[in-house]
Number of protein chains: 2
Amino acid sequence: MDVLKKLRDVKLRPTKQRILLANLILDGKNKHFTAETIQKEVSTKGHNISLATIYNCLNKFVNVGLLKQIDQQGEVTIFDTNVSHHHHFLNQNTGELTDIEPNEITFSKFPKIPRGFQNDGVEVLIKIRD
Amino acid sequence: MDVLKKLRDVKLRPTKQRILLANLILDGKNKHFTAETIQKEVSTKGHNISLATIYNCLNKFVNVGLLKQIDQQGEVTIFDTNVSHHHHFLNQNTGELTDIEPNEITFSKFPKIPRGFQNDGVEVLIKIRD
DNA sequence: ATCTAGTTTAGAATAATTCTAACCTGTTGA
DNA sequence: TCAACAGGTTAGAATTATTCTAAACTAGAT
């Protein structure tokens, strides 16, 4: 499906910048990236888009569901006195975290760790809201 | 166990500020907090510690294992073109994320969602390193 | 072709965190 | 006990990611 149609489908005016970004990003392959890496990629293609616009566009894309933003529990560092391995509930209404003891969660199916790597900890985040 | 001993055990010189913070934080109860909330708590007790010192102390406490820092995948926002529900490997060496399809992970035990709340999504992060 | 609402932009503003450099203070050993 | 110094604290500057502002631009409807 072409990019113009994709943008129209979600009622975003297909501007030059949005088309450029959508062509880079929405090619059907799964990618992870940041605003800055995208800006670099744009400029290596010989174009230029301001960082403000990149943020605007990516945020719009997220709002309409074309993109997802990886969870990052807000922008401040949260410290936890529970230093043992454990999981969390995240109250989406308040941002509050609550501990879940590790024995409260067990897996019946678990992915193979990629060749050459070792498991260095598993964190489960259960988002809740009222 | 008293706070002085705790600090000596981890070879941190027990200064006034560290003792104050340790008394607030390491009382055996599980808490989540930020540098700023701790500073406020300190000042309501009639003391004053600069934010820089709070960060210094908390980071030291984390390094020696008295505290844990909640994972936040670095400080930049990461976007993901995979908008469906899925999980991630986090390569601790590079910070790189890789998708895990949701059917790769299933649970045999799962905690009860707190009364009055509903499940709003589960994210599993498997940290790996070589 | 024109109008208008929505976009883009440079640069300022904001906010979390770290750095710097000067000052201060536990601890050690005489 | 106390001087010396390594390590700790601090205010404020620096850094970094992101958003805001206000002016200039443009897609799409008329």
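Proteins get letters first, then strands, A, B, ... in listed order; numbering begins at 1 in each. All of these numbers come straight from a predicted model, not from anything done at the bench.
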On DNA chain D, does the nearest nucleotide to B:Lys60 precede the nearest nucleotide to A:Pro14 from the 5' side, or the other way round? Give the residue. B:Lys60

Verify, without hydrogens or angle tests, whether A:Arg129 (side chain) and B:Gln118 (backbone) share a donor-acceptor contact under 3.5 angstrom. no

Taken to the nearest whole Å, CD/B:Gln69 to P/C:dA16 is 15 Å

Between B:Leu51 and A:Cys57, which is nearer to the 5' end of DNA chain C once each is assigned its nearest nucleotide? A:Cys57

Atom CG of A:Leu58 and atom P of D:dT18: how far apart are they, to the nearest Å? 10 Å

Could you state the atom-to-atom distance from CD of A:Gln17 to P of D:dT26 in whole Å? 9 Å

Give a yes/no answer on whether the side chain of B:Thr77 brings an N or O atom under 4.0 Å of OP1 or OP2 in D:dT18. yes

N/O (side chain, B:Asn56) to phosphate O (OP1/OP2, D:dT10) under 4.0 Å: no

Rounded distance [0.5 Å steps], OG1 in B:Thr77 versus CD in A:Glu75: 9.0 Å

Mind calculating the distance between CG (A:Leu12) and C1' (C:dG6) to the nearest angstrom? 11 Å

Which part of the nucleic acid, if any, lies within contact of B:Thr34, taking any heavy atom under 4.0 Å across all strands shown: a base, the sugar-phosphate backbone alone, or nothing? nothing

Can you check whether A:Lys16 has a side-chain N or O nearer than 4.0 Å to OP1 or OP2 of D:dC25? no

Residue from A:Asn63, A:Val64, A:Val62 passing side-chain contact (heavy atoms from CB on, under 4.5 Å) with A:Leu66: A:Val64

Give me the ring orientation class for B:His86 and A:His32: parallel if the planes are under 30° apart, tilted from 30 to 60°, perpendicular past 60°. tilted

Distance check needed: D:dA29 P versus A:Arg13 CZ, whole Å only. 9 Å

Contact class for A:Thr53 vs. all strands (heavy atom < 4.0 Å): base, sugar-phosphate, or nothing? base

In this structure, how many angstroms lie between the P atom of D:dA17 and the CZ atom of B:Phe79, rounded? 13 Å

Which listed nucleotide (D:dG28, C:dT9, D:dT10) is nearest to the side chain of A:Arg8? D:dG28

Whole-Å gap separating P (C:dT8) and CG (A:Asn59): 12 Å

Protein-nucleotide distance (A:Glu36, atom CD; D:dA17, atom P), rounded to Å: 5 Å

Criterion salt bridge (charged side-chain N to carboxylate O under 4.0 Å, His left out) on A:Asp2 and A:Lys6, from CA distance to verdict: CA-CA 6 Å; A:Asp2 90 301; A:Lys6 261 189 198 153; over 6 Å; no

Under 4.0 angstrom, heavy atoms only, what part of the nucleic acid is A:Lys11 near: base, sugar-phosphate, or nothing? nothing

Heavy atoms from C-beta onward define the side chain here; which of D:dT18, C:dT9, D:dG12 lies closest to that of A:Ala52? C:dT9

Compare the minimum distances between each of C:dT9, C:dT7, D:dA17 and the side chain of B:Val76, then state the nucleotide with the smallest one. D:dA17

